[in-house]
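Since the model is a prediction, treat every value here as computed from it, not as a measurement. Values below: all heavy atoms of this structure, side chains included; hydrogens, waters and symmetry mates excluded. Counting starts at 1 for both ligands and their atoms, in listed order.
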Amino acid sequence: MATQSQSQQAQAIKRISLGVDWLDYALQGGVPRGNWLLVTGEPGTGKSILTIQSAGANVNAMPVVYVSTETRFKDVVLQASQFGIDLGDAVSLADVLAGKVKDARTNLVVIDLFGLAREYRELLRAGEEEGGKRRAQSPLSMEVVISAIERAYEALGISEEGKITRDVLVIIDSLAPMWAHAPAMARLITYSLRQRLYRSNVTVIMTNQFAPTTGETFGFGAEHIADAIIHMWMEEPEARKGIERWLIIKKARLTNHYRRALRYEIEPGRGLVLLEPSIEELKSS
Ligand SMILES: Nc1ncnc2c1ncn2[C@@H]1O[C@H](COP(=O)(O)OP(=O)(O)O)[C@@H](O)[C@H]1O
Ligand SMILES: [Mg+2]
């Protein structure tokens, strides 16, 4: 009897689309359900735009929690609209907690850590109870982010006695502010983030900045908790007097991913667009 082919096996895994067709091809359809994808890169390489495309691609099929540590809710929605992405009836967690959203029937909760500042004392207390001791006085501490994500699960109606009742996509853009106050703690923070958030039905896409000067991810990075890593960079913009964008899939568990760098551009209305190789070449590889 013929054994299942490699591609059949890969297809049997449920995959979460990134909302960028050529990246999905390069990943045999996307990120395996329950896996954690880390997107690293210098500022301006398109990490946030990629995460917004991913949110837009999945919001009709599953609940999405979008944590934005760097931009406000309205800017996430505005950036999405520039690329023709409809984020559905997205609500801000800050508005939910402030009682401004009544009977929300939404598939997307945006946690904007700026908008949350008003509610943050309450969340911090929840985080402290959970963590058992007083944490850093920052609205960006991991405890606050986790408490906020748990509130978002409740707002989405997918949380039952600590269990997540449906597949959900959690996006964290970006991780870096969580250890801005203690860079040496980065590994510990990300390990414990994974331990606390991990569920087989929770798929995570997270971003982290990459320092072009040292070539190191800020605070030693989060690579060790990632099942998949996409790295994005610009090829010597000063020497070339222009922006040339590249990305490479450095790792993708359970996936026979594309091995070479992919050149792309960011286009209004379209988002991340493949320049080379051709999509045909990618599909046939
Ligand atoms: N509406 C737009 N149309 C085309 N390109 C855009 C648009 N908005 C932003 N960009 C490009 O995307 C870049 C920012 O991408 P972003 O995802 O925010 O980067 P990162 O999150 O990696 O810092 C900008 O520097 C610009 O080059
Ligand atoms: Mg960004």
Engineer: Does the side chain of Thr106 pick up a donor-acceptor pair with the side chain of Asp89 at under 3.5 Å?
Structural biologist: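 Note: Thr106 and Asp89 side chains miss the donor-acceptor criterion.
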Engineer: Under 2.8 Å from the Mg ion (ligand 2), which protein N, O or S atoms are there? Could you list them by chain and number?
Structural biologist: Ser48 OG
Engineer: Please check if any side-chain donor atom of Glu70 sits under 3.5 Å from a side-chain acceptor atom of Ser174, or the reverse.
Structural biologist: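 Present: a donor and an acceptor within the cut-off.
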Engineer: Is it true that the NZ or CZ of Arg194 lies under 6.0 Å from the centre of Trp36's six-membered ring and within 45 degrees of the ring axis?
Structural biologist: yes
Engineer: Around ligand 1, what residues show up once you keep those with a heavy atom under 4.0 Å from it?
Structural biologist: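 Lining ligand 1 at under 4.0 Å, by heavy atoms, one finds Glu42, Pro43, Gly44, Thr45, Gly46, Lys47, Ser48, Ile49, Gln79, Gln82, Phe83, Arg245, Ile266, Pro268.
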Engineer: Inspect the contact between Lys47 and Asp173 and indicate whether a charged nitrogen and a carboxylate oxygen are less than 4.0 angstrom apart.
Structural biologist: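 Salt bridge absent between Asp173 and Lys47.
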Engineer: Can a salt bridge be assigned to the pair Glu276 and Arg260 using a cut-off of 4.0 Å between side-chain N and carboxylate O?
Structural biologist: no
Engineer: Suppose clustering is done on Ile, Leu, Val, Met, Phe, Trp and Tyr with side-chain heavy atoms closer than 4.5 Å. Which residues sit in the same group as Met234?
Structural biologist: Ile243
Engineer: Go through the steps to decide whether Ile248 and Trp233 satisfy the test side chain to side chain contact (heavy atoms under 4.5 Å, CB included), and finish with yes or no.
Structural biologist: CA-CA 9 Å; Ile248 190 159; Trp233 75 95; 3.7 Å; yes
Engineer: Enumerate the side-chain hydrogen bond (donor to acceptor under 3.5 Å, both in side chains) contacts for residues 58-68, please, sequence neighbours excluded, ordered by first and then second residue.
Structural biologist: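 For residues 58-68: Thr51-Tyr66, Ser68-Thr71.
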Engineer: Salt bridge check: are Asp167 and Lys14 linked by an N-O gap of less than 4.0 Å?
Structural biologist: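 So Asp167 pairs with Lys14 through a salt bridge.
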